[in-house]
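The structure appears right after this line, and notes come after that.
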Amino acid sequence: MTRREPTVHKKELMVACPECGSVRGAACYTDRGHRMKGVHQVRAELYREQYPA
């Protein structure tokens with residue numbers, strides 16, 4: 001079986017999250033281990049630094 005990258009629906013998920021440790025393509029998680037609808041602010045800022053508009 002071939003391995004494929006997860007489909008990324010939010011552009012901020014293109015970078016890993018230094019706040020919660022989520023890898024590239026994975027969702028952010030809260031301190032209690034619940035999946036977040038959005039992403040941590042640090043991750044969004046990191047994405048904007050790496051991929052300026």
Side-chain angles (χ1 to χ4, degrees):
M1 178 179 262
T2 59
R3 183 175 182 269
R4 63 184 182 96
E5 292 293 321
T7 304
V8 177
H9 297 286
K10 295 181 188 228
K11 58 188 177 192
E12 291 88 359
L13 297 180
M14 293 299 294
V15 295
C17 183
E19 180 78 20
C20 63
S22 292
V23 295
R24 195 178 137 243
C28 284
Y29 289 86
T30 64
D31 294 338
R32 296 182 177 196
H34 297 284
R35 189 175 182 174
M36 293 177 59
K37 288 184 180 178
V39 296
H40 286 108
Q41 187 64 31
V42 184
R43 190 177 201 176
E45 291 171 7
L46 187 62
Y47 171 80
R48 284 188 222 116
E49 289 174 7
Q50 288 187 8
Y51 302 98

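Judged as a ring-ring contact (aromatic ring centres under 6.0 Å, His included), and not counting sequence neighbours, the contacts of Tyr51 are Tyr47. By the side-chain contact (heavy atoms from CB on, under 4.5 Å) test, Glu49 pairs with Leu46, sequence neighbours left out.
Between the side chain of Arg24 and the main chain of Ala16, no donor-acceptor pair closer than 3.5 Å is present.
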Side chain to side chain contact (heavy atoms under 4.5 Å, CB included) between Arg43 and Ser22, worked out: CA-CA 10 Å; Arg43 190 177 201 176; Ser22 292; 4.1 Å; yes
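In terms of heavy atoms, Cys17 sits closest to His40 at SG-ND1, 3.5 Å. Closest approach of Leu13 and Ala26 over heavy atoms only: CD2-O, 3.3 Å.
Residues Cys28 and Glu19 are not in side-chain contact: their nearest non-hydrogen atoms beyond the backbone lie 4.5 Å or more apart.
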